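Below you'll find the structure, written out as structure tokens, and then a few comments.
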Number of protein chains: 2
Amino acid sequence: MSTGPKQALYGEFALVARALGSPHRLEMLEHLAQGERSVEALAERAGLGIANASQHLQQLKRAGLVGSRREGKYVRYRLADDSVLDVMAALSEVASHNLAEVALIRQGYFDVRDELEPVSRDELRHRMRDGVVTVLDVRPQDEFEAGHVPGAINIPLKDLENRIAELSPEQEIVAYCRGPWCVLSFEAVAELRARGFTVRRLQDGLPEWRAAGLPVAHA
Amino acid sequence: MSTGPKQALYGEFALVARALGSPHRLEMLEHLAQGERSVEALAERAGLGIANASQHLQQLKRAGLVGSRREGKYVRYRLADDSVLDVMAALSEVASHNLAEVALIRQGYFDVRDELEPVSRDELRHRMRDGVVTVLDVRPQDEFEAGHVPGAINIPLKDLENRIAELSPEQEIVAYCRGPWCVLSFEAVAELRARGFTVRRLQDGLPEWRAAGLPVAHA
DNA sequence: GTTACATTCAATAAATCTCTTGAATCATTA
DNA sequence: TAATGATTCAAGAGATTTATTGAATGTAAC
């Protein structure tokens, strides 16, 4: 009595959820959201062995979360489609609302609660049109070059301290990075605030900006 | 070198996803989306032992997906908040887009592809206002009484064959049930179509209707 | 208080998942 | 053709998850 279509659907959905249920795989997905990546690149980012990373990727593939194509010696993996971004964002929402640990981690960057509030994509577009905001992309340079918010300047987080002179203290700054989970922008905001800048985070990151149909500049 | 805030966040998100990664737990969540339920009721629905169901529920609780309160001898579990509905819907989206098995199961109910297209909540509201549609709730009676789309009539799927005379063959019917995964409405649509009715499914189910801020009628 | 009942806890075996290792495959380059 | 490099396959040890069982806890009814 167990295997009607209902049970079959539950089984398929559970397969997808289980594929999302590993920190390493989530980290790989977040990087894949920035663009195509080889197995080797993903393995290095996630701190995994090549064979291990390959197995994780195949699990993601079986769950329909990623696709791959061979390009010469390399196999390039990519996110299956934008609905994967949606499920990642939904996961982040649930965890942020209902897990005290997540709220604590996020708040750990700031003294004042209000500073956590992100800027919406719409609001940022209006401010950009009025020219009253500096958009700061704190991702590594290669990710910036593969696509970024038009008009944004790129200072990777680890260079921020050295290159802080490039930022004008008079204009409000909006920082963004990879997506709703990416802590780079949290750290950037915390550091810049400590130096007296007016900074906020953009809601989510570049992948969601692109998925919302907004323009993306390429270097 | 492994436990920065980034890794901690991945770990929390993975905890949530793992909790979603079991067919039994997903089935319990779908029932909890209809309203509060005791451990016993959930165990019976999912075909589990009491102790086993209790453990699954505690796993959901640790992941922040459900809450509970004691009411006399019973412990009533409930969905933590509406963001849980979002993540369930997002899971359904990914699976439907990217897993051939899911598409096959869904299409298994129909001959013609177009009949799969659901009616959006907005479209249904307009048709209801014009009085040109019968809204059919195919969930069991107790779930209907706990809350339903105003004006809907309740014929549980298993009674549909006997009570088919209650439906007017002239008016279009829109059927709904528990949510994006619920196959009751699929089966109802298939059966009614076979008998010459004009039927479509509502997008998602009652929990999503309520979460969208639309009115809900009680008993 | 004692009894009955719903739920949780604790302990265990079976199943599944993860990571490592070394060999196999597939496409490029010499 | 041989050699190299990227990825996948296959097998096994270790850790985690699941379902079962029986005992413990907490609440309501007698």
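Since the model is a prediction, treat every value here as computed from it, not as a measurement. Order of the sequence lines sets the chain letters (A, B, ...), proteins ahead of strands, with each chain counted from 1.
Taking side-chain N and O atoms only, His56(B) has no distance below 4.0 Å to OP1 or OP2 of dT17(D). The shortest distance between the side-chain N/O atoms of Tyr77(B) and the OP1/OP2 oxygens of dT8(C) is below 4.0 Å. Arg18(B) has a side-chain polar atom (N or O) that falls below the 4.0 Å cut-off from OP1 or OP2 of dT17(D). A sub-4.0 Å separation between OP1 or OP2 of dT7(C) and a side-chain N or O of Ser54(B) is absent.
Here dC26(C) presents its C1' atom at 16 Å from CD1 of Ile50(A), a figure rounded to the nearest Å. Taking atom CD on Gln58(B) and atom P on dC9(C), their separation rounds to 5 Å, with Å as the unit. For the pair Leu20(A) CG and dC17(C) P, the computed distance is 14 Å after rounding to whole Å. Going from atom CE of Met28(A) over to atom P of dT18(C) covers 10 Å, rounded to whole Å. Spacing between atom CG of Leu48(B) and atom C1' of dT7(C) amounts to 15 Å, rounded to whole angstrom units.
With DNA chain D read from its 5' end, the first of the two nearest nucleotides for Ala51(A) and Tyr74(A) is the one closest to Tyr74(A).
Trp181(A) and Phe13(B) have tilted rings, their planes meeting at an angle from 30° to 60° on a 0 to 90° scale.
For Ser22(A), taking side-chain heavy atoms from C-beta onward, the closest of the listed nucleotides dC9(D), dG5(D), dT18(C) is dT18(C).
In this structure, Met28(A) and Ala53(A) approach most closely via the heavy-atom pair CE-O, 4.3 Å.
Tyr74(B) does not carry Arg70(B) over the face of its six-membered ring by the limits of under 6.0 Å from the centre and within 45° of the normal.
The salt bridge (Lys or Arg N to Asp or Glu O under 4.0 Å) pairs that include a residue from residues 97-106 of chain B number zero, where partners must be two or more places apart or lie in different chains.
Using a 4.0 Å heavy-atom criterion, one finds that Arg25(B) contacts the sugar-phosphate atoms exclusively. Counting any heavy atom pair closer than 4.0 Å across all strands shown, Gln55(B) reaches a base atom.
Under the 4.0 Å criterion applied to side-chain N and carboxylate O atoms, Glu191(B) and Arg193(B) are not assigned as salt-bridge partners.
Contacts between residues 29-42 of chain B and DNA chain C, defined by a heavy-atom separation below 4.0 Å, involve Ser38(B), Val39(B), Glu40(B), listed by number.
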